[in-house]
Amino acid sequence: MRVLAAEVKNHLNTEVEVKGWVQAIRTGGSIAFIDLRDVSGHVQCVVAKKENASIFEELRTLSRESVIEAKGKAVESQAKQGYEIQVNKFKILNKSLAPLPLGVVDMVDSDIETRLENRFLDLRKPKILSIFKVQDTISRAVRQYFHQNGFIEVRTPKIVAAATEGGTELFPVKYFDRSAYLSQSPQLYKEIMMSAGFDRVFEIAPAFRAEEHNTTRHLNEFTSIDIEMSFVDDEEAMRVLEEVIKVSSKMVIEENSKELELLGITSPKTDYSFKKISYAECVKIANDKGIKVDDGEDLSTPALKAIGEGLNEFYFITRWPRKLKPFYVQPFDEKYSRGFDLQFGEVEITSGAQRVHNPEILIKNLEAKGLNVESFEFYIKAFQYGMPPHAGWAIGLERLTMVLLNLQNIREATLFPRDRTRITP
RNA sequence: GCCCCGAUAGUGUAGUGGCCUAUCAUACGAGUCUGUCGAGCUCGUGACACGGGUUCAAAUCCCGUUCGGGGCGCCA
């Protein structure tokens, strides 16, 4: 019966069997130690030559990162962990080649490129694994929250006929004898689900953007956590968003203390204030800090840096000018909209809004943005037979992971990032 | 789409026209060692991305190619 490395301490003075990777080998003339690592952690295994010469020989000639199974008695010892396994049975399940393309526990760090090229090895590092354990907690927390609050999980098509929002570039795909695109966002479909009467939906799914951006916060394929709610306004959507983030960071703190420590997050913040700053205020703040922004112009990265400076904190930017937001965003007045962004420092985490629910206004907005109304017919139709008022938003899972863990590059928060130059591994 | 930068052993680096037969660490290999845990010690293997040019002389300067990193725009 296999025991995980982290569980060995609960089986002292009994025979245990562990399976995993040989992380380190330290040999003396007649005693050999190996650190065996699995998903839970690592444990020291020891063999003395005089007690078992053949195992001793086999152990000392192993290559690092080979996969083995070892049986023996778990005992208290002078090992750093306070216990170890005295191996009496041992089997190599698969040898590793040497030297390794990158060291799993070496003193020297590798470049991000080397790491991503050899991601299977990079991911063996307990610290890197921790990122994805935390990401798992986040997605579990948001799912749990949604299910507890009346949301239905849905799946919308990722192959679409045309651009949904304009603006961003799409990846074309061949669809039999027609051309189609990879979906940039489930926006139109989750709104149609409001017309369908599902009341509240969420979807956690990939989104594809064909922009040739080359930054530490953009991916060409990312995971979008999308929601849409009927009969609510922008304020309620922001309240739900705030709760979702609080609930997930709380669960991370509760369940991932070991991982947070490995990642160097010693005192995770819990009391985010979720201040609301209007677009107009943001323009003023940026200009006061010497970053010129004209009223009505989009907030540039330097402007967002100035606004987010020193704010190690989530905050909303609300009341965006209508002309800066997509056609489906509900107007607030002549000039402003009910669209909002959630920022963490300079990074945009979420974009959301109360949506237009009146089909005439929708058509007017489409025309005003220069979009082809005909190609949105399937969508507009859903508005013409009883569409409730609704609001929603989308969070980038990788971006959320990134800011909660203070990662410097979004690729760190993705197993196999798809960026400007990478489609493999 | 625009702009900037980089490429030296498996990994990460030093190097600024001659002292480079290329530094150091780590990894790897051999040896040594009964309690290691970043093991120690001895010895060894191993690299200037590719192509052209300048020069008496190029890792170093120039041009091109390839690969990569980053900033802006845009966005999650």
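A note on names: the letters A, B, ... follow the listed sequences, proteins ahead of strands, and every chain is numbered from 1.
By the 4.0 Å N-to-carboxylate-O rule, A/Lys125 lies too far from A/Asp106 to be salt-bridged with it. The pair A/Glu412-A/Arg115 meets the salt-bridge criterion, with a side-chain N (NZ, NE, NH1 or NH2) lying under 4.0 Å from an Asp/Glu carboxylate O. Ionic pairing of A/Lys276 and A/Glu235 is present here: one or more N-O contacts between side-chain nitrogen and carboxylate oxygen are shorter than 4.0 angstrom. Note on A/Asp35 versus A/Lys80: no salt bridge recorded, every NZ/NE/NH1/NH2 to OD/OE distance being 4.0 Å or above. Here A/Glu203 does not pair with A/Lys190 in a salt bridge; the nearest charged N to carboxylate O distance is not below 4.0 Å.
Taking atom C1' in both B/C24 and B/C62, one finds a spacing of 31 Å when rounded to whole Å. Nucleotides B/C33 and B/U42 have their P atoms positioned 16 Å apart, rounded to a whole Å. The gap from the C1' atom of B/G12 to that of B/U8 amounts to 11 Å, rounded to the nearest Å. Taking atom P on both nucleotides, B/U11 is separated from B/A27 by 15 Å, rounded to a whole Å. When the P atom is compared between B/U60 and B/G53, the two are found 14 Å apart, to the nearest whole Å. For the P atom pair drawn from B/A22 and B/U16, the interatomic distance equals 15 Å after rounding to whole Å. Separation of the C1' atoms belonging to B/U34 and B/A39 is 13 Å when rounded to the nearest angstrom. When the P atom is compared between B/U45 and B/U23, the two are found 12 Å apart, to the nearest whole Å.
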Compile the donor-acceptor pairs under 3.5 Å between side chains in residues 309-317 of chain A and protein atoms, sequence neighbours left out, one pair per line.
{"from": "A/Glu309", "atom 1": "OE1", "to": "A/Lys289", "atom 2": "NZ", "distance (Å)": "3.2"}
{"from": "A/Glu313", "atom 1": "OE1", "to": "A/Ser273", "atom 2": "N", "distance (Å)": "3.2"}
{"from": "A/Glu313", "atom 1": "OE2", "to": "A/Ser273", "atom 2": "N", "distance (Å)": "2.9"}
{"from": "A/Glu313", "atom 1": "OE2", "to": "A/Ser273", "atom 2": "OG", "distance (Å)": "2.9"}
{"from": "A/Tyr315", "atom 1": "OH", "to": "A/Gly345", "atom 2": "O", "distance (Å)": "2.7"}

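The residue A/Arg411 sits close only to the backbone: its heavy atoms come under 4.0 Å of sugar-phosphate atoms, none of a base. As judged by a 4.0 angstrom heavy-atom cut-off over every strand, A/Ile395 is placed among residues making no nucleic acid contact.
Heavy-atom nearest nucleotides on RNA chain B were determined for A/Thr301 and for A/Leu342, and the one closer to the 5' end corresponds to A/Thr301.
For the pair A/Glu346 CD and B/C75 P, the interatomic distance rounds to 16 Å; values are reported in whole Å. Distance CG (A/Asn214) to C1' (B/C74): 13 Å, rounded to an integer number of Å. Following rounding to the nearest Å, A/Ile410 (CD1) and B/C74 (P) show an atom-to-atom distance of 18 Å. A/Asp109 has its CG atom 18 Å from the P atom of B/A25, to the nearest Å. Between the CD1 atom of A/Ile112 and the P atom of B/G70 there is a distance of 7 Å, rounded to whole Å. Put simply, CD on A/Gln184 is 9 Å from P on B/A76, counting in whole angstrom units. B/G71 atom P lies 14 Å from atom CG of A/Leu304, rounded to whole Å. Atom-to-atom, CG of A/Leu219 to P of B/C74 comes out at 19 Å; the value is rounded to the nearest Å.
Set against B/U11, B/A76, B/G73, the side chain of A/Pro302 has B/G73 as its closest nucleotide. Of the candidate nucleotides B/G12, B/C75, B/G68, B/G12 has the atom nearest to the side chain of A/Thr114. Side chain of A/Asp111, nearest nucleotide from B/A76, B/U13, B/G70: B/U13.
Annotation: A/Lys246, atom NZ; neighbour count of heavy atoms from other residues, nucleotides and ligands within 6.0 Å is above 12.
Residue side chain A/His213 does not reach the base of B/C72 through any donor-acceptor N/O pair under 3.5 Å, judged by distance alone.
Shown here, B/C24 forms a base pair with B/G12; the pair counts as Watson-Crick or G-U wobble because both key distances fall under 3.5 Å. Of all nucleotides present, only B/G1 satisfies the Watson-Crick or G-U wobble test against B/C72, with each distance under 3.5 Å. Using the Watson-Crick or G-U wobble rule with both distances under 3.5 Å, B/U66 pairs with B/A7. Summarising the base pairing, B/C61 is matched to B/G53 through a Watson-Crick or G-U wobble pair whose two defining distances lie under 3.5 Å.
In this structure, A/Thr216 reaches the B/G71 phosphate: one of its side-chain N or O atoms is under 4.0 Å from OP1 or OP2. Dashed line: the shortest gap from a side-chain N or O of A/Ser185 to OP1 or OP2 of B/A76 is not under 4.0 Å. The phosphate of B/A76 (OP1 or OP2) has a side-chain N or O of A/Ser351 nearer than 4.0 angstrom. Contact annotation: A/Asn409 reaches the phosphate of B/G70 (side-chain N/O to OP1 or OP2, under 4.0 Å). The shortest distance between the side-chain N/O atoms of A/Lys325 and the OP1/OP2 oxygens of B/C75 is not below 4.0 Å.
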Completion exercise
Letter by letter from the 5' end, nucleotides 26-36 of chain B scores (B base, S sugar-phosphate only, - none; protein heavy atoms under 4.0 Å) SSS----BBBB
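Every residue two or more places apart in sequence or in another chain that forms a side-chain contact (heavy atoms from CB on, under 4.5 Å) with A/Lys369 is listed here: A/Phe327, A/Leu371.
At least one cation-pi condition fails for A/Arg119 and A/Phe416: the charged atom is not both under 6.0 angstrom from the six-membered ring centre and inside a 45 degree cone around its axis.
The shortest side-chain heavy-atom distance between A/Phe202 and A/Val142 does not fall under the 4.5 Å cut-off.
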